[in-house]
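Protein chains get the first letters and strands the later ones, always in sequence-line order, with residue 1 at the start of each. None of the values given here were measured: they were computed from a predicted structure.
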Amino acid sequence: MELTTNVPNLESMSECSLKPYDAVYLGMPFCFEYQGNLITEFDDLEVAVNLLRKWGKKAYVTTFAVPRNKDLEKVYRTVEKAAEIADAIEASNLGVIRYITREYPDVRVHVGGLANVYTVSTAELLYSLGVSRIMPAYELPIEDIEKIKETGVEVELVAHGKIPVGIGHECFLKRFSDTVGKDCPKICMDSMFFKSEELVLKPFGHATLSGKDICMYEHIEKISFADALRIETISERIGYREAVGRIYRRRIEKGFSKTDFEKLKELAEHGIANGFYFNKAGQLYIPG
Amino acid sequence: MVSTSTKQVNSTFRGDIMVELLGPGGNLEMVEAVFEAGADSVYCGVKGWSRRSKKYELDISQLREAVRIAHNHSGQLRAAVNAMPKAGEEGMFKNLLEELYSIEVDAIILNDIGLMKITNERYPDLKIVASIGSSILNKEEAKLYREAGASLLVADCKMSLEEIREIKEYAKIGIEVLIHANTDFTYLGRCWISSYKALKFDEIDGKAYYIGSPNRGGVCFRPCLLRWSLVGEKIYAKDFQLPNDMFLMLDEIPVLIDNGVDCLKIQGREYSVPLIRDIVKLYRNFIDEYLSKGSVNLEEYRVKLSLIAEKRDSERLRRTLELMKAAWEEKSEV
């Protein structure tokens, strides 16, 4: 099983923090304007891929998740560059997936979680187009994901971290630039949350992320059928990526540790949850 | 059985300009009302399978009656099957498809591209509409849906006229635009905030049903309309709502018609029959006036529309409060 994570820019990469991982998704898929975004900064992308090679990791490149017509050429430039240098390209838009599988039939395509793959029939359709791996819709419970896996396509699942719970046409946080006193892209660098009643959300680019950290540490055996497990760290600090990665690496190789589990809870600023894996509200946590 | 590929949609037309006015059918009374008010077609949710509460969906026997009403008015009926089923419910979907085809629905509204492919393979003469929940964002994506069998797609509310034109031309697909609906800060099929907040798993006749997940056939608890704060190192803002606004389009309609938009859709299965009747009637008159005269007195319609909007807002507020209460109580009957 592959342990993966993601980094938005070169600045977020260090050998130490990426040591626990087998493969790394490069680039921030929720906004083109993110500072140093590897999906647009191609010189940095080359450096990042070379570093990952040197460190013995696979390099995957992600793409902008919600491209409109005007964005397609920009996305295609990312695809062209990634096809040259990366081990796989991640895409969450069905149009982009169609484009890559048609224009670059030899390139591995990973379907991102925002592609909304809910059904076996859609998984089969994408598999027939030539995609290698699918991250099913975040809203799917384990029993649905197992059925998707039966199609033969590789499956990647989020084991830990903040998952998208929405994505739109704009960065809503930008509307608060004056109040916060920071413009794009600086405003995104701070840790900001929307709060209401017991609900906490994290705005990040065009996406809104879960405020809680999805945590499958206690339940990892239930998703061990997956071909890859993702530690979702695109909006996190380097230290978080390193600490969580190490804990999950130990979990996979050595088993459960109460100390490690407590550490994960400490690292989660707004608590932990199981997402939708158990047919419950995404923000709930079911103890193992 | 109806062969929809040869059946002409009962659209209003002027010369070579045609546009279909589509109204909601939240119950049989509403189906009758939207045709009496002048709609060309109606859409109804199939019990347990559409993006609305089961309160506003129709079972097969009701749908059969709704089809009869539609055809008596020389109109058409679209069956909304636009919730995402559970993986592995494809068998149930195929059985449902057979039933819907046998009762002569004229089109099926789907969200999932895999289900579109299945539908097109089994019933190539059944018109497929890609739901707003498909969140089709660009022309390349539209083309993939076209290849899977969709002949019409519902454009996202944020899409510009230029984007619509490009998509129509590149993908050779019909375009439906929502003229009464709501728009929020996420793409409609790409929002899970409601089910992240509260979710109740249920079953209707063996079919999975997720209350709290609009994508999976339940209701949306509208958490965006709670009172929110923006919190970082300090509280930067408080007591605001995340965008979720209703709109009633008017000024843009002539431009949409002139640019070849194929269908104008009025959302609102959950509203009262008198309100929906008024909305359909207003748009019917507006479209007819524009198509017959080539111009329309916008100010006159704006006044009428603002009165309708007031009634609509009052009904919507009641429904929002009901849904928020249901989310707190995790009620299944909403």
* **Per-residue contact mode, E163(B) against chain A (heavy atom under 4.5 angstrom)** => both
* If you count heavy-atom pairs under 4.5 Å between each of G114(B), G232(B), S135(B) and chain A, which one has the most? -> G114(B)
* Contact check, side chains of L125(A) and I113(B), non-hydrogen atoms, under 4.5 Å -> yes
* Find out whether P243(B) and R175(A) are in side-chain contact, i.e. whether some heavy atom of one side chain is under 4.5 Å from a heavy atom of the other. => yes
* To do: Verify the neighbour count for atom CD of E162(B): are there more than 12 heavy atoms of other residues, nucleotides or ligands below 6.0 Å?
  => no
* Asked: Donor-acceptor pair, N116(A) side chain versus R190(B) backbone, under 3.5 Å?
  -> no
* Pair F176(A) + F240(B): ring centers closer than 6.0 Å -> yes
* Atom CD in E197(A), atom CE in M324(B): separation rounded to 0.5 Å? -> 8.0 Å
* Region of E150(A) that comes under 4.5 Å of a non-hydrogen atom in chain B -> neither
* Heavy-atom distances under 4.5 Å only: say whether E147(B) touches chain A with side chain, backbone, both or neither. => side chain
* **Among the listed options L114(A), L199(A), I167(A), the residue most often paired with chain B at heavy-atom distances under 4.5 Å** => I167(A)
* **Contact leader toward chain B among S191(A), S210(A), A137(A), where contacts are heavy-atom pairs under 4.5 Å** => S210(A)
* Can you find a pair of side-chain heavy atoms, one from L199(B) and one from K280(A), that are under 4.5 Å apart? -> no
* Asked: Should R68(A) and D156(B) count as an ion pair when the cut-off is N to O under 4.0 Å?
  -> no
* Asked: Could you state the interatomic distance from CG (N215(B)) to CD (E139(A)), rounded to the nearest 0.5 Å?
  -> 5.5 Å
* Region of V117(A) in contact with chain B, defined by heavy-atom distances below 4.5 Å -> neither
* Asked: For E252(B), does the CD atom have more than 12 heavy-atom neighbours from other residues, nucleotides or ligands under 6.0 Å away?
  -> yes
* Do you know which of A142(B), S195(B), C191(B) has the most heavy-atom pairs under 4.5 Å to chain A? -> S195(B)
* Donor + acceptor pair across side chains of N279(A), Y210(B) (<3.5 Å) -> yes
* Asked: With only heavy atoms counted, which part of I118(B) is less than 4.5 Å from chain A, the side chain, the backbone, both or neither?
  -> side chain
* Among V180(A), V165(A), T122(A), single out the residue with the greatest number of heavy-atom pairs under 4.5 Å to chain B. => V165(A)
* Structure fact -> Interatomic distance, CG@L209(A) vs OH@Y196(B), rounded to 0.5 Å, equals 10.0 Å
* Asked: Is it true that K70(A) and E166(B) have a side-chain N and a carboxylate O under 4.0 angstrom from each other?
  -> no
* E140(B) and R102(A), any side-chain heavy atoms less than 4.5 Å apart -> yes
* Highest number of heavy-atom pairs under 4.5 Å with chain A: which of R227(B), E233(B), R216(B)? -> R216(B)
* To do: Flag yes if more than 12 heavy atoms outside K238(B) fall under 6.0 Å of its NZ atom; otherwise flag no.
  => no
* Using only heavy-atom distances, determine whether the side chains of N138(B) and N93(A) contain a donor-acceptor pair under 3.5 Å. => yes
* Could you tell me whether D178(A) atom CG has more than 12 heavy atoms of other residues or ligands within 6.0 Å of it? => no
* Using non-hydrogen atoms only, which part of K195(A) is less than 4.5 Å away from chain B: side chain, backbone, both, or neither? -> both
* Quick one: does W228(B)'s side chain get under 4.5 Å of L201(A)'s, heavy atoms only? -> yes
* **Closest non-hydrogen atom pair, S196(A) against L226(B)** => OG-CB, 3.3 Å
* Heavy-atom distance under 4.5 Å to chain B: side chain of L72(A), backbone, both or neither? -> side chain
* Structure fact -> Ranked by heavy-atom pairs below 4.5 Å to chain B, first place among I97(A), I145(A), D144(A) goes to D144(A)
* Look up atom CD1 in I187(A) and atom OH in Y236(B), then write down how far apart they are to the nearest 0.5 Å. => 8.5 Å
* If you measure from the Lys or Arg side-chain nitrogens to the Asp or Glu carboxylate oxygens, is any gap between E198(A) and K197(B) under 4.0 Å? -> yes
* Side chain, backbone, both or neither of K117(B) within contact of chain A (heavy atoms, under 4.5 Å) -> side chain
* Straight-line distance of T119(A) OG1 to K86(B) NZ, nearest 0.5 Å -> 12.5 Å
* Got a donor-acceptor contact below 3.5 angstrom from the E90(B) side chain to the S121(A) backbone? -> yes
* For L129(A), is it the side chain, the backbone, both, or neither that has a heavy atom closer than 4.5 Å to a heavy atom of chain B? -> side chain
* To do: Sort out for me which of L173(A), V66(A), D190(A) touches chain B most, counting heavy-atom pairs under 4.5 Å.
  => V66(A)
* Asked: Would you find more than 12 non-hydrogen atoms of other residues, nucleotides or ligands less than 6.0 Å from E170(A) atom CD?
  -> yes
* Any F194(A) side-chain heavy atom under 4.5 Å of V231(B) side chain -> no
* Rounded distance (nearest 0.5 Å) linking atom OG of S229(B) with atom CZ of F193(A) -> 14.0 Å
* **Non-hydrogen side-chain atoms of Y118(A) and N111(B) separated by less than 4.5 Å** => no
* Asked: Given that the side chain runs from C-beta out, which part of S213(B) has a heavy atom under 4.5 Å from chain A: side chain, backbone, both or neither?
  -> both
